[in-house]
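We use all heavy atoms of the structure for the numbers below, so side chains are in, but hydrogens, waters and symmetry mates are not. Residues take their numbers from the sequence shown, with the count starting at 1.
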Amino acid sequence: MKKDAMSEAVISDNTVVFFGSHAVDHYVRCQYWPSEGQKINAVPAGRVYGGMIPNAASIYAGYGLPPTLMGPLQDNEDADPILAEMASNGIDTRLVRRSPQFTNSYAYNFLSERNASEKTLIIIDPGYDFALSAEEHRVFTGAKYIYSTIAHLRRIANVTDVLAQARTNGARLFIDVEAESFRSAKEDWWAFSTADFVSFNDESIGKFRGGSSTEEAIGELLESTRGEVVLTLGKEGCEIYLPNRSVHIAGHVVSAVDPLGAGDTFNSSYLYGRAAGWSVERSAHFANAAAARSTTLVGPRSGRASVSEIESFIQMSGQSDAAAAVLA
């Protein structure tokens, strides 16, 4: 990792670009999530910086390879602390575009004492428009790996042309799919069909498949992309679907306290493994463990750790034999 002598900013080689906006996450603790119309007491439990893409970039950087973060940042009292935290996490923030014209997202994460393994998240996303500058265009289309969501990619002006050029230059696209981040499989096929890695959770695959079965929907997607489809299953582990086979990795038994950010941790950890040349099995096992570990800590970036820390967690868990076989 190199640093600029003037600004002490992290300097990456722009191999991996994470594109998206920032958020401010507010935590609220309550005994349980209320029914509609019900009134309950809750206690404020802190405020941290988040956002799916910055979270994922932070996790990726923890493994020792500084990524480039690109996208909008509201120029307010949070901007300097956000950029400082990103830099301290090992992220190149030179292409984060800071402007009072942007508004950060806000998220309210309700932690239930009755069911600590689940979360209720309310997101306020004001949206934004983003036309790439010449330098941003050069870095984005020259990257080897691009990580984003459809909701963020849609904000880029002429995004289909931009993605086509990036793909022509050899970029591989990783799309994190949340249910609220896309309209439908048909409307957003322009993105799904160009991705090398598509990661669903239980909710988003249900929306994506519509009236088809999960296997049919994923099979159709793989016919188009010939890539890798990830299905995260929470405490049940994950499934990785390839054109000619599928892989299941069992979940880890942990005492979860905050599941926020577990998906970001899984996805960026899986991408790290694949970018490092690891097998699908090793990457999935590593990512599964990283995500499980993150739920035992509070905060959307609590999953940030070194490779050795994740491998130690695997060895200390109940899956040491399987881990040894996969990591060998």
Side-chain angles (χ1 to χ4, degrees), residues 14-22 51-54 56-57 60 67-73 95-97 99 101-102 105 123 125-201 204-205 207-210 212 217-230 241-243 263-264 267-268 270-271 274-275:
N14 298 323
T15 295
V16 182
V17 172
F18 287 74
F19 181 85
S21 61
H22 296 261
M52 292 171 59
I53 305 305
Y60 192 96
T68 295
L69 181 61
M70 183 186 299
L73 173 64
L95 292 181
V96 172
R97 194 191 299 177
S99 171
Q101 296 179 343
F102 299 125
S105 298
I123 300 173
D125 182 4
Y128 60 94
D129 294 317
F130 205 89
L132 297 177
S133 68
E135 178 62 8
E136 290 163 346
H137 188 277
R138 182 190 69 81
V139 172
F140 191 95
T141 59
K144 291 185 178 178
Y145 295 92
I146 299 168
Y147 182 109
S148 192
T149 69
I150 293 175
H152 286 302
L153 290 173
R154 193 185 294 119
R155 302 293 182 181
I156 299 175
N158 302 313
V159 64
T160 54
D161 293 338
V162 173
L163 286 178
Q165 183 174 346
R167 299 273 296 169
T168 297
N169 293 341
R172 305 188 72 192
L173 177 62
F174 191 114
I175 295 180
D176 177 9
V177 186
E178 296 282 342
E180 72 278 2
S181 68
F182 73 105
R183 295 164 180 163
S184 68
K186 181 178 180 180
E187 288 183 84
D188 291 317
W189 193 250
W190 61 269
F192 286 115
S193 61
T194 59
D196 300 274
F197 308 93
V198 181
S199 179
F200 295 99
N201 58 27
S204 61
I205 190 62
K207 179 178 177 180
F208 176 82
R209 66 183 177 83
S212 303
I218 290 178
E220 182 180 357
L221 179 57
L222 287 174
E223 284 183 13
S224 177
T225 66
R226 310 303 296 174
E228 300 170 24
V229 175
V230 177
Y241 293 85
L242 306 167
D264 303 330
N267 291 332
S268 55
Y270 184 81
L271 177 59
R274 298 298 284 135

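- Counting only heavy atoms from C-beta outward, the side chains of Leu163 and Trp190 approach each other to under 4.5 Å.
- Side-chain contact between Leu153 and Ile175 is present, with at least one heavy-atom pair separated by less than 4.5 Å.
- Within the model, atoms NE2 of His152 and OH of Tyr147 stand 10.0 Å from one another, a figure rounded to the nearest 0.5 Å.
- Proximity of a side-chain donor or acceptor of Asn14 to a complementary backbone N or O of Val139 within less than 3.5 Å is not detected.
- Residues that satisfy the salt bridge (Lys or Arg N to Asp or Glu O under 4.0 Å) test with Arg274, not counting sequence neighbours, are Glu228.
- Tested against Ser199, the residues Thr149, Asn267, Asp264 include a single side-chain hydrogen bond (donor to acceptor under 3.5 Å, both in side chains) partner, Asn267.
- Among residue pairs with one or both ends in residues 147-162, those qualifying as salt bridge (charged side-chain N to carboxylate O under 4.0 Å, His left out) are Arg154-Asp188; sequence neighbours excluded.
- Counting heavy atoms from C-beta outward, Arg183 and Ile150 have side chains that stay 4.5 Å or more apart.
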Step-by-step side-chain contact (heavy atoms from CB on, under 4.5 Å) determination, Val17 to Leu95: CA-CA 10 Å; Val17 172; Leu95 292 181; over 6 Å; no

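- For Glu180, the CD atom counts as densely surrounded, since its 6.0 Å shell holds more than 12 non-hydrogen atoms of other residues, nucleotides or ligands.
- Heavy-atom minimum distance, Arg97 versus Glu136: NH2-OE1, 2.6 Å.
- In this structure, CZ on Phe197 lies 13.5 Å from CG on Asp176, to the nearest 0.5 angstrom.
- By the salt bridge (Lys or Arg N to Asp or Glu O under 4.0 Å) test, Arg138 pairs with Glu135, sequence neighbours left out.
- Summarising the geometry of Val230 relative to Tyr270, their closest heavy-atom pair is CG2-CE2, 4.1 Å, with the distance given to 0.1 Å.
- Residues Ser268 and Tyr60 share a closest heavy-atom pair of O-CD1, 3.6 Å.
- Here the closest heavy-atom approach between residue Gly20 and residue Pro72 is recorded as O-CD, 3.8 Å.
- Residues passing the salt bridge (Lys or Arg N to Asp or Glu O under 4.0 Å) test with Glu178: none are found, sequence neighbours excluded.
- The closest side-chain heavy-atom distance from Phe192 to Phe208 is below 4.5 Å.
- Counting heavy atoms from C-beta on, the side chains of Val16 and Phe174 never come closer than 4.5 Å.
- Residue pairs that meet the salt bridge (charged side-chain N to carboxylate O under 4.0 Å, His left out) test with at least one member in residues 140-152, sequence neighbours left out, do not exist here.
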Distance-only criterion, 3.5 Å: show the donor-acceptor pairs between side-chain atoms of residues 217-226 and protein atoms not counting sequence neighbours.
residue, atom, partner, partner atom, Å
Thr225, OG1, Leu221, O, 3.3
Thr225, OG1, Gly227, N, 3.2

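- Side-chain contact check for Asn201 versus Ser204: some heavy-atom pair is nearer than 4.5 Å.
- Side-chain contact between Val96 and His22: present, with at least one pair of heavy atoms (C-beta onward) separated by less than 4.5 Å.
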